[in-house]
Amino acid sequence: MSEPTKKSMDEIMALCKRRGFVFQASEIYGGLNGFWDYGPLGAQLKKNLRDAWWADCVLNPPAAPGGGDVAMVGLDTCIIQHPKVWEASGHVAGFNDPMVDCRESKKRYRADHLWVRSATGLDGQVFLVCLAAGGAEEANDAWGAMKRRKDVPGPIWDLLVQASGTDRAYTDLSPEQRAAVLGPDASKPGSLTDPRPFNLMFPTIVGATGDWETNKAYLRPETAQGIFVNFKNVVDTSRVRVPFGIAQTGKAFRNEVTPRNFTFRSREFEQMEIEFFCRPEDAREWYVYWRDNRLAWWRSLGLASDNLRLREHDADELAHYAKEGAGTSDIEYRFPFTFPGFGELEGVSHRSDFDLRQHQQHSGVKMDYFDQERNERYIPHVIEPSAGLDRGVLALLCEAYTPDPERASKVYMKFHPRIAPIKAAVFPLVNKDGMPEVAERLRNDLRARFSMIEYDAKQSIGKRYARMDEAGCPFCFTIDGETLTDNSVTVRDRDTLSQERIALDAVVGYLADRLGSAR
RNA sequence: GCGGGUGUAGCUCAGUGGUAGAGCGUCACGUUGCCAACGUGAAAGUCGAGGGUUCGAGUCCCUUCACCCGCUCCA
């Protein structure tokens, strides 16, 4: 195993454009920040990844911890849900955090993390600010920590020592008072902006004559809630019993503060989410099951190098629904733009019974589940493996990108055959002498049986191999003069460049063996 | 949101005030007959967009958009 090296994101992006994997959205109008389109090869690659996920999570999930079957069903819910869904889920409150910028230090803070004490400086009253995420009690500790710091400049130190009074929220100050506030990382007062709201959800209007006041709705910021609000429907109609899971893929939308890093942080993106419902006592066991199986799944698609890792969250970074749960972890990939760091591909978290309980409370509909085997009633706990489909595609593109100065294309895409957009190519060595007829017949046979099959009779054979290298096609079958006499063809392997002769009528079997369940 | 950089053909880039260019790729024809071969030819550009200065702007100025990098943010 060679040392991981940093690939050039610029080169990967150039190839994505050149070969039709990814285009900038609305490109002819100058593009739109945070939006990307998939070209012909990218669309197929993304579909292959989505299909592999569905096949391995819904249709044929890994065996249960104690052996035996795991019950999984699929769902496809709306992008626009009732606005109350997002009040219940916490997104209306949580996605509207007011933020404060510091003009001097260029830092940005959540307004509700800023706590204020007053002091009297040379120019009159000054307000000091400290940073504390937990609330007023934690702010008290934060002041103590500030006083123990050795790098506080003298004038500020003088203010700090005499700062007094109870902690007040920054958001409670008047505009005049804010002008006298000394930011946590500033040297002079008045560098902080007013709190500005950040609406991470996309608002929209339902109804052709709707107005913003009465008909406001949101594009979903996650697919998960569509599953939770259908929990009862699935239980009542699908003959599933706890433990079981509901899976869904689909678009989600977030007004990211800073879309960045190619498709990694997009404002429109696709998720692949599972909500797995289980008894509270079994949450830890199922958490471990999904965490380990999801990691193994990404490995099985070719992200098998040191570029993939599992990271358990620390207690202090857990989301509101996951505190004190069975665990939360990220499956992370080392992207060129995060190198040597990692970026999140999938999060596996124990959401406890938070969501079902919230919806029960807000809707008034009972979400508890009667377990007939145990004769007990409870609201199930949830283990959520939530993967980013577009991030998965990006990781596959980055992992596959393999520079090779020795070959004509200088680079090839080493996709796992299962997710490679083009499964195989068929070439007549020469576009005459009966070869095209045989090649076209083979192409038709393969297309009837497998996914995307490329046919190319143009230009030299070397160029055609090189084109397939950049597209990441794993196998090329070439019909030559010998085929016409003995019905054999050559197979050219993308990764080894080796060729072998096999019988024409063995090609279908050859491909089927190597593509496995993927077609 | 702040700072830095970039933006010219599908891709990589040259072009410092005076006719829009090259290499590669793409396409056609010929030749070749297993790794971007060769020959001839062709298509392809709102020079990111808008405004200004100028006799004249790809080039200078202003504004704006997009992408990359560093902060920031990331339920």
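Just so it is clear: chains get the letters A, B, ... in the order the sequence lines come, proteins before strands, and each one is counted from 1.
Computed from coordinates, the A:K458 NZ to B:G33 P distance equals 21 Å when rounded to whole Å. A straight line from CD1 of A:I479 to C1' of B:G33 spans 15 Å, rounded to a whole angstrom. Nucleotide B:G33 holds its C1' atom 7 Å from the CE atom of A:M435, rounded to whole Å.
Scanning for side-chain contact (heavy atoms from CB on, under 4.5 Å) contacts around A:N444 gives an empty result, with sequence neighbours left out. A search for salt bridge (charged side-chain N to carboxylate O under 4.0 Å, His left out) contacts involving A:E454 returns nothing, not counting sequence neighbours. Here A:T249 pairs with nothing under the side chain to side chain donor-acceptor pair (under 3.5 Å) rule; sequence neighbours left out. A:K46 is linked by a salt bridge (charged side-chain N to carboxylate O under 4.0 Å, His left out) to A:E270, A:D390, counting only residues two or more places apart in sequence or in another chain. In this structure, A:W298 has no ring-ring contact (aromatic ring centres under 6.0 Å, His included) partners at least two apart in sequence or on a different chain. The ring-ring contact (aromatic ring centres under 6.0 Å, His included) search around A:F277 returns A:F231, A:F244, not counting sequence neighbours. Residues passing the side-chain contact (heavy atoms from CB on, under 4.5 Å) test with A:T204 are A:I80, A:A217, A:L219, sequence neighbours excluded.
B:G10 and B:A44: their C1' atoms are spaced 9 Å apart (whole Å). Distance check on atom C1': B:C13 versus B:U8 gives 9 Å, rounded to whole Å. Only the P atoms considered, B:G4 is 13 Å distant from B:U63, to the nearest whole Å.
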Under 4.0 Å protein heavy-atom contact, by nucleotide of nucleotides 61-69 of chain B - B base, S sugar-phosphate only: ----SSSSB

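Annotation: salt bridge (Lys or Arg N to Asp or Glu O under 4.0 Å) contacts involving residues 427-438 of chain A, sequence neighbours excluded, are absent. Screening residues 8-33 of chain A for ring-ring contact (aromatic ring centres under 6.0 Å, His included) gives A:F21-A:F415 as the qualifying pairs, with residues at least two apart or on separate chains.
With hydrogens and angles ignored, the 3.5 Å screen pairs a side-chain donor or acceptor of A:E273 with a backbone N or O of A:T223.
Map A:R407 and A:V430 each onto its nearest nucleotide of RNA chain B; the residue landing nearer the 5' end is A:V430.
A heavy atom lying under 4.0 Å from RNA chain B marks the following residues of residues 485-501 of chain A, by number: A:T490, A:R492, A:L497, A:Q499. Against RNA chain B, the stretch residues 459-473 of chain A makes heavy-atom approaches under 4.0 Å through A:Q459, A:S460, A:I461, A:G462, A:K463, A:Y465, A:A466, A:R467, A:E470.
For the residue pair A:Y287 / A:S329, a side-chain donor-acceptor distance below 3.5 Å is found, with atom types taken as modelled.
Across all strands, A:K410 comes closer than 4.0 Å to no nucleic acid atom at all (heavy-atom distances).
Dashed line: the shortest gap from a side-chain N or O of A:K432 to OP1 or OP2 of B:G33 is not under 4.0 Å.
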